[in-house]
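Beneath this line is the structure, given in structure tokens, with notes to follow.
In what follows, every heavy atom counts, from backbone to side chain, and hydrogens, waters and symmetry copies are set aside. The structure displayed is predicted, hence computed values, not measured ones. Along the sequence shown, residues are numbered consecutively beginning with 1.
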Amino acid sequence: MLDAALRTVERISRPHQLLGDALCAVGDLPATVQQTVEIAFSVVRNMRAPAPDSPLHARPSAARRVALIPLEQCDIRRIRARHGGTTNDIALTVVTGALRRWLDTRGYALEGLTVRALVPVSHRSRRKSRGPNNQLSGYLCDLPVGEPDPVTRLQIVRAEMDRNKCSGPLRGPGAFPALAGRMPSMVQLLAAPLVGQAVGLLFDTVITDVPVPNVVVPLDGAPLRELYPLAPLAPGHALSLAVTEYRDIVHIGVQANRRAVGDLEKLSEALPHAVTELNDIDS
């Protein structure tokens, strides 16, 4: 009995071995449970302490600033035709370039810097597309903010997102939103505060692409011309960004912690500049 207890203590004191043993045991579980456990362990493995001086992390505050930035959709299409990638890849690369320029104005060290973004995605199957609720998951994408060449930034983002898509929306640490729907409501209630405090260990910001139908929507006879989305600001984060395409304009909504981001206009100016960077470089 004493020997068994000592062996247990020894294994707990070596968390990497314990994690490996647990993952080996996962193979004996039913598919859905196995997938859930794999996501949970992937989340734990990918947690890392954010840089203590990162402008993207801040003490929570109810005070907010919002910026609304329009970009010409034709410019995004031109970049895509010239350099390849999806529209979402281009949007992520534009945000990467804007973050680089904004952080540089703050004198922040850029060399080798990456910013990890949570990119929410839907995992609803076509057969269930008429259901009443969204079924959300996510990808984690390390944005190469430290890379000075804009085309290389796009190539890195494309490769990162391609790897995420190959794994699928229910694999990897970014799939943690899918765990909520698989847990009892009481567990969700108890775990929510802990998860909220831990998001800073997993990603630095949220960047979401919000699909909307490109149809004319009148209000008292006047057509809607601009439509800006906003993404929630996670606890401890300074910025969140949301992108949507509507009527030949790419609309970007930025929500910021007012106390942490007093220079939001500099980030707003950096977004069109990042588009110009990619447009002015030939393949």
Side-chain angles (χ1 to χ4, degrees), residues 66-102 114-115 117-124 126 129 134 136 138-145 147-166 169 174 205-218 223-231 239-255 265-283:
V66 170
L68 309 176
I69 305 98
L71 303 175
E72 293 293 334
Q73 193 178 60
C74 60
D75 289 334
I76 304 299
R77 289 174 177 168
R78 190 178 300 115
I79 293 168
R80 182 179 178 184
R82 182 178 299 175
H83 302 294
T86 66
T87 301
N88 192 45
D89 293 338
I90 307 300
L92 289 172
T93 305
V94 167
V95 171
T96 303
L99 288 174
R100 176 182 172 83
R101 187 174 179 86
W102 173 63
T114 60
V115 169
L118 171 66
V119 183
V121 296
S122 172
H123 67 92
R124 187 203 304 273
R126 292 184 179 180
S129 60
N134 288 325
L136 292 178
Y139 298 138
L140 293 186
C141 183
D142 287 329
L143 306 177
V145 173
E147 171 55 54
D149 180 64
V151 176
T152 303
R153 288 198 293 263
L154 174 55
Q155 293 169 347
I156 293 172
V157 168
R158 283 185 64 187
E160 184 87 2
M161 290 302 290
D162 285 347
R163 282 193 293 270
N164 278 320
K165 293 169 190 174
C166 285
T205 189
V206 174
I207 304 175
T208 183
D209 192 338
V210 183
V212 297
N214 195 19
V215 296
V216 177
V217 180
L224 177 67
R225 298 189 181 278
E226 297 184 340
L227 184 62
Y228 291 93
L230 290 175
L239 287 171
S240 67
L241 298 98
V243 182
T244 196
E245 301 171 49
Y246 182 69
R247 300 195 68 182
D248 297 324
I249 298 292
V250 176
H251 301 86
I252 300 180
V254 184
Q255 185 169 191
E265 67 284 349
K266 292 183 179 178
L267 179 60
S268 301
E269 294 166 0
L271 284 160
H273 183 273
V275 174
T276 303
E277 272 190 319
L278 284 165
N279 250 331
D280 287 349
I281 296 179
D282 294 328
S283 300

Those residues that, when tested against A270, pass side chain to side chain contact (heavy atoms under 4.5 Å, CB included) (two or more places apart): A98, R101

So how far is it from I252 CD1 to S268 OG, rounded to the nearest 0.5 Å? 9.5 Å

Gap separating the CE atom of M161 from the OG1 atom of T86, nearest 0.5 angstrom: 7.0 Å

Is R80 reaching over with its side chain to a backbone N or O of G85, donor-acceptor style, under 3.5 angstrom? yes

Measure the shortest side-chain to side-chain distance between P272 and L71 over non-hydrogen atoms and say whether it is less than 4.5 angstrom. yes

Sequence neighbours excluded, the answer for salt bridge (charged side-chain N to carboxylate O under 4.0 Å, His left out) partners of E265 is R65

Which atom names give the shortest non-hydrogen contact between P150 and L278, and what distance separates them? O-CD2, 3.6 Å

Closest heavy-atom pair and its distance - V250, E245: CG2-CG, 4.0 Å

Taking the side chain as every heavy atom from C-beta outward, state whether V119 and N88 have any atom pair closer than 4.5 Å. yes

Is the shortest side-chain heavy-atom distance between P144 and V157 below 4.5 Å? yes

Which heavy atom of D89 sits nearest a heavy atom of L154, and at what distance? O-CD1, 4.0 Å

Partner residues of P223 under the side chain to side chain contact (heavy atoms under 4.5 Å, CB included) criterion, sequence neighbours left out: V216, R225, R247

By side-chain hydrogen bond (donor to acceptor under 3.5 Å, both in side chains), Q155 pairs with (sequence neighbours left out) none

Taking the basic N atoms (NZ, or NE/NH1/NH2) and the acidic carboxylate oxygens, is any pair closer than 4.0 Å for E269 and K266? no

Using side-chain contact (heavy atoms from CB on, under 4.5 Å), reason through Q73 and I249 one step at a time and then give a plain yes or no. CA-CA 5 Å; Q73 193 178 60; I249 298 292; 6.0 Å; no

Sorted by chain and number, sequence neighbours left out, salt bridge (charged side-chain N to carboxylate O under 4.0 Å, His left out) with D75 holds for R78

Between the CD1 atom in I79 and the OG1 atom in T87, the distance rounded to the nearest 0.5 Å is 10.5 Å

Hits for salt bridge (charged side-chain N to carboxylate O under 4.0 Å, His left out) against E147, two or more places apart or cross-chain, chain-then-number order -> none

Under 3.5 Å, is there a donor-acceptor pair between the side chain of Q255 and the main chain of A231? yes

Report the residues that fulfil ring pair (Phe, Tyr, Trp, His ring centres under 6.0 Å) with Y228, sequence neighbours left out, ordered by chain and then residue number. H251

T208 (side chain) donor-acceptor with P120 (main chain) under 3.5 angstrom: no

From CG (L92) to CG (D209), nearest 0.5 Å: 8.0 Å

Just to verify, what does T114 make a side-chain hydrogen bond (donor to acceptor under 3.5 Å, both in side chains) with, not counting sequence neighbours? none

When you compare the side chains of N279 and T276, does any donor N or O come within less than 3.5 Å of an acceptor on the partner? no

E277: which residues meet the salt bridge (charged side-chain N to carboxylate O under 4.0 Å, His left out) condition with it, sequence neighbours left out? R153

Could you check whether any side-chain N or O of N164 sits under 3.5 Å from a backbone N or O of L140, counting only pairs where one atom can act as donor and the other as acceptor? yes

Who are the side-chain hydrogen bond (donor to acceptor under 3.5 Å, both in side chains) partners of D162, not counting sequence neighbours? none

Audit row: Y139, K165, side-chain contact (heavy atoms from CB on, under 4.5 Å) steps and yes/no: CA-CA 8 Å; Y139 298 138; K165 293 169 190 174; 4.1 Å; yes

Is L99 close to L267 at the side-chain level, that is, under 4.5 Å between some pair of heavy atoms? yes

With side chains defined as the heavy atoms from C-beta onward, is the minimum distance between V254 and L239 less than 4.5 Å? yes

Polar side-chain atom of T96 near backbone of L143 as donor-acceptor pair, under 3.5 Å: no

V212: what forms a side chain to side chain contact (heavy atoms under 4.5 Å, CB included) with it, not counting sequence neighbours? V210, L227, T244, Y246

Checking T152 now: which residues fulfil side-chain hydrogen bond (donor to acceptor under 3.5 Å, both in side chains) with it, not counting sequence neighbours? D149

